[in-house]
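Hydrogens, waters and symmetry mates are skipped; everything else that's a heavy atom, side chains included, is used. What you are looking at is a predicted structure, and each value in this text was computed from that prediction instead of being measured. Proteins come first, then strands; the chains are lettered A, B, ... in the order of their sequence lines, and each starts at number 1.
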2 protein chains.
Amino acid sequence: MNAVIDILKENNLSITDGRKQILSLFLKTDGALSHADIEKEAHKKLDRITIYRTLQTFVNKGIIHVIPTTDNSILYALCRDECSEGHHHDKHVHFVCNECHTTYCLEQIDVPQVSLPKGFSEVQTDVVVNGYCAKCKP
Amino acid sequence: MNAVIDILKENNLSITDGRKQILSLFLKTDGALSHADIEKEAHKKLDRITIYRTLQTFVNKGIIHVIPTTDNSILYALCRDECSEGHHHDKHVHFVCNECHTTYCLEQIDVPQVSLPKGFSEVQTDVVVNGYCAKCKP
DNA sequence: TATAGTATGCAACTAAGTTGCAAATTTCAT
DNA sequence: ATGAAATTTGCAACTTAGTTGCATACTATA
Ligand SMILES: [Mn+2]
Ligand SMILES: [Mn+2]
Ligand SMILES: [Zn+2]
Ligand SMILES: [Zn+2]
């Protein structure tokens, strides 16, 4: 619980109840979280607008990153790479379980190199794998 | 323009003005189209709800497919693979140009195989590359 | 050309997200 | 510890995207 305060301080963010609650949710969660997850799981009720703004702040600071999904929902997860204000380096594969719907950051799996047609150049590649996680293997 | 009618007939869809207009837009467009693109470019004005329903119908029939994007917009493009009712096989890489914002289906580029952690199994992999297209190369 | 079957357009509704602003909370220098 | 300044929060109001029910219009077929 002190880790939460440390992270907020390191990022020059004032220590507020909402930020502590949301950040500790991320720290204790294995997979990714949506806005709705947070609204549901935060014990002391948080205003939905505060949640929007807190998530935005955390993304800007490089504390969490947005996960691309194929169903156009928006998910967030802790940055484990050395991300900082305005500079994300979360170049890993994301995995969504079709059974439990948990979304994992596969930090250890590098994004594969895709060979593009002549004249095309890559800036960023997002890979989202759908399937069954280890807990739900079919 | 007869191709449009042929495609609709092949798929047992009645020939309506809206469907003809939307499908011919897809046939004459290089990249992908959003709902808003269609609303804008259809000359004879189409009701936005008709557009929603027509896109849904075309996706169901395997005439167009939904393209995963990283900015959570929804894009559609013609299926060139042999997709059919309820069975899509659009296993190709998608490319979004950061300059002209055109989204291309790179039919010729296969989705790379990602090696997952033990216990995880793949059902579908989506790859979205952002960068600069041949027309916009920096 | 009449009829049955579809598709369309409208209205009304829901869900997600944004912005402005006053009140509350946090920070920080005394 | 105290109070002022700076920041964050919660509310209201608004926007945008998408869905559903239903009466009307259109399309297919005999
Ligand atoms: Mn991640
Ligand atoms: Mn495609
Ligand atoms: Zn699972
Ligand atoms: Zn381009």
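- Whole-Å rounding puts the Leu75(A) CG to dA16(C) P distance at 13 Å.
- Ring-centre distance between Phe120(B) and Tyr132(A): not below the 6.0 Å cut-off.
- Here chain B contacts DNA chain D (any atom closer than 4.0 Å to a heavy atom, that is under 4.0 Å), and the contacts span dA17(D) to dA28(D) from 5' to 3'.
- Between Thr16(B) and Arg48(B), the residue whose closest nucleotide on DNA chain C is further toward the 5' end is Thr16(B).
- In this structure, the nucleotide among dC10(C), dT26(C), dA16(C) sitting nearest to the side chain of Tyr52(A) is dA16(C).
- Counting any heavy atom pair closer than 4.0 Å across all strands shown, Arg19(A) reaches sugar-phosphate atoms only and no base atom.
- Annotation: of the two residues near DNA chain C, Ile49(B) and Gly18(B), the 5′-most nearest-nucleotide partner is Gly18(B).
- As a whole-Å value, the separation of Leu13(A) CG from dT27(C) C1' is 13 Å.
- Remark: the Arg53(A) side chain and the dG17(C) base include no donor-acceptor N/O pair separated by less than 3.5 Å.
- The NZ-C1' distance, from Lys9(A) to dT26(C), rounds to 13 Å in whole Å.
- Judged by distance alone, the side chains of Thr57(A) and Asn60(A) never bring a donor and an acceptor atom under 3.5 Å apart.
- Aromatic pair Phe58(B)/Phe26(B): centroids not less than 6.0 angstrom apart.
- Comparing His35(B) and Asp17(B), the nucleotide of DNA chain D nearest to each residue sits closer to the 5' end for His35(B).
- Counting heavy-atom neighbours within 6.0 Å of Gln113(B) CD, excluding the residue itself, gives a total of 12 or less.
- Within 4.0 Å of Leu46(A), counting heavy atoms only, lies no atom of the nucleic acid at all.
- Considering Asn11(A), Ile5(A), Val4(A) as possible partners of Leu8(A), the one that fulfils the side chain to side chain contact (heavy atoms under 4.5 Å, CB included) test is Val4(A).
- Closest non-hydrogen pair, Lys40(A) versus Lys45(A), comes out as O-NZ, 4.1 Å.
- Nucleotide dT27(C) holds its C1' atom 12 Å from the CG atom of Asn12(A), rounded to whole Å.
- Between Gln56(B) atom CD and dA7(C) atom C1' there is a gap of 15 Å when expressed in whole angstrom units.
- Across the protein-nucleic acid pair, Tyr76(A) atom OH and dA16(C) atom P stand 12 Å apart, rounded to whole Å.
- Classification of the His94(A)-His65(A) ring pair by plane angle, with boundaries at 30° and 60°, yields tilted.
- Of the listed nucleotides (dT6(C), dG9(C), dT18(C)), dG9(C) has the atom at the smallest distance from the side chain of Asp47(B).
- A straight line from CG of Asn60(B) to C1' of dA7(C) spans 15 Å, rounded to a whole angstrom.
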